[in-house]
Amino acid sequence: MTEELMQQILKISFYGASLALILIGLYGVLTKKNLIKILLSMAIAESGLNLLFVAIGYIMNGTAPIFSTAVLDENNQLLETVTMVDPIPQALVLTAIVIGLGVTAVGLALVIRLYKHHNTINIDEIRNLKW
Amino acid sequence: MELFFEIILGVVSLALILSFIRFIKGPTASDRVVALDTMSVTFISVLVLLGHMFNRFIYIDVSLVYAVLGFIGVLIIARYLEGGI
Amino acid sequence: MNIFTVILVVIGAIFMIVAAIYAISRKDLLVATIATSIISLVLSVFFFILQAPDVALTEATIGVALTTIIFVVTIRNTKRHEEEEE
Amino acid sequence: METILEILGVIFISIGAAFLLLGSIGILRMPDVYSRLQAGTKASTLGTLGMLLGIGFFEPAWFLKIFIIMIFVILSNPISSHSIARGSCRSGIKPKLKETVNAYRDAMESCEESIKKDDK
């Protein structure tokens, strides 16, 4: 198996998995009636989005940014260059994961309050806006 | 020596597949929790193995965090099954 | 990149898709939470292979521990099983 | 010296991978939750320890951090296995094979009897 074929398989796996996760999460949000299931589907779609961002910023055979050391010879001349992956999507995704946790936590707190008031979490039966 | 690590990675991937089949089949929730526990322990060794193959010292911090925090999820599900929390 | 890393990535992608379909289609919400935990577990290894160890660290902490805890506490305070639709 | 360390590392990593694979086969083949728990946690703990030790022989500079990981695996894995077993026992899952001794139930019964005696 050649190098190019392996790279193609890697790209197809990463992009295919992230797109499939986003679509499955979207399906769950649109069709399910249970509020906890809806929040769970939102978490799944968000995981797929994070994976898509990091996979876009990946460069083949690169190494992690920031940690890398340059390889110098005795006259301080650069011997070889080090390929790094793109650090900007990683910083964005790092924030997005934490914000996603906050969104899920607030949604679940609202679900508990709704259940204590209406005694159900089916969105078809919660019709009035009064608490 | 490269080939040895690749074959070990293949064997560990086979172990992951078998645990995942138990997760799909398992009749009760306890079986699925056992499968999750085994998978999370197996991923610790996968991460250390990959860190050695990428040859970066800083990468095994991830597996340290896994070992410290990974069992909390299993613990909380087990306490729920018991009727506690 | 070598051949067995590619195999690990393909297996992980299949795990994630199957676990997501499983989490959506089950009526038992506790099983759906466990499936979401497996998705985050595999996602963390993917971030590791994509050379983003800081993101993998955050995903391991938040996805495996904290998300499971808040979902299980919510299920504890509400109902475990989703109702059958008429 | 280096070759000795590498040979030790190869031996330990092979033992670890073999135990991980055997634990997964056990988790697939065993009949009920409690025997699956035996295969799934004990064998995979030993497998992970062997693998970490082998990598530590390959890279001697990493040994301190790997030792910390090993200590956490040793501490945390039996706790989770014990609590899964206790949870499935309390949620009413019976063992499939015929049980000869159930120390947990006997301890609970004697505990309840002593509580009743105290109430009287």
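Only the side chain of Val12(B) comes within contact range of chain D, judged by heavy atoms closer than 4.5 Å. No part of Leu49(D) comes within reach of chain B, as not one of its non-hydrogen atoms sits under 4.5 angstrom from that chain. Contact of Thr28(B) with chain D is made through the side chain alone, with heavy-atom distances under 4.5 Å. Only the side chain of Phe5(B) has a heavy atom closer than 4.5 Å to any heavy atom of chain D. For Leu49(B), the parts lying under 4.5 angstrom from a heavy atom of chain D are both the backbone and the side chain.
Taking 4.5 Å as the heavy-atom cut-off, the residues of residues 52-60 of chain D that approach chain B are Leu52(D), Ile55(D), Phe58(D), Glu59(D), ordered by number.
Counting heavy-atom pairs closer than 4.5 Å to chain B, the top-ranked of the candidates Gly40(D), Ser83(D), Ser76(D) is Ser76(D).
Judged purely by atom type and a 3.5 angstrom limit, Thr41(D) uses its side chain to pair as donor or acceptor with the backbone of Leu37(D). Remark: side-chain polar atoms of Arg22(B) are not paired, donor with acceptor, to backbone N or O of Ala35(B) under 3.5 angstrom.
Here the shortest heavy-atom pairing between Leu75(B) and Ser80(D) reads CD1-CA, 4.3 Å. For the pair Thr48(D) and Ser45(B), the tightest heavy-atom approach, listed with the atom from each and the gap, is CG2-CB, 4.3 Å.
Annotation: salt bridge (Lys or Arg N to Asp or Glu O under 4.0 Å) contacts involving residues 70-83 of chain D, sequence neighbours excluded, are absent.
Enclosure of atom CZ in Phe4(B) by more than 12 non-hydrogen atoms of other residues, nucleotides or ligands within 6.0 angstrom is indicated. Under a cut-off of 6.0 angstrom, the local environment of CZ in Phe72(D) is sparse, with at most 12 non-hydrogen atoms contributed by other residues, nucleotides or ligands.
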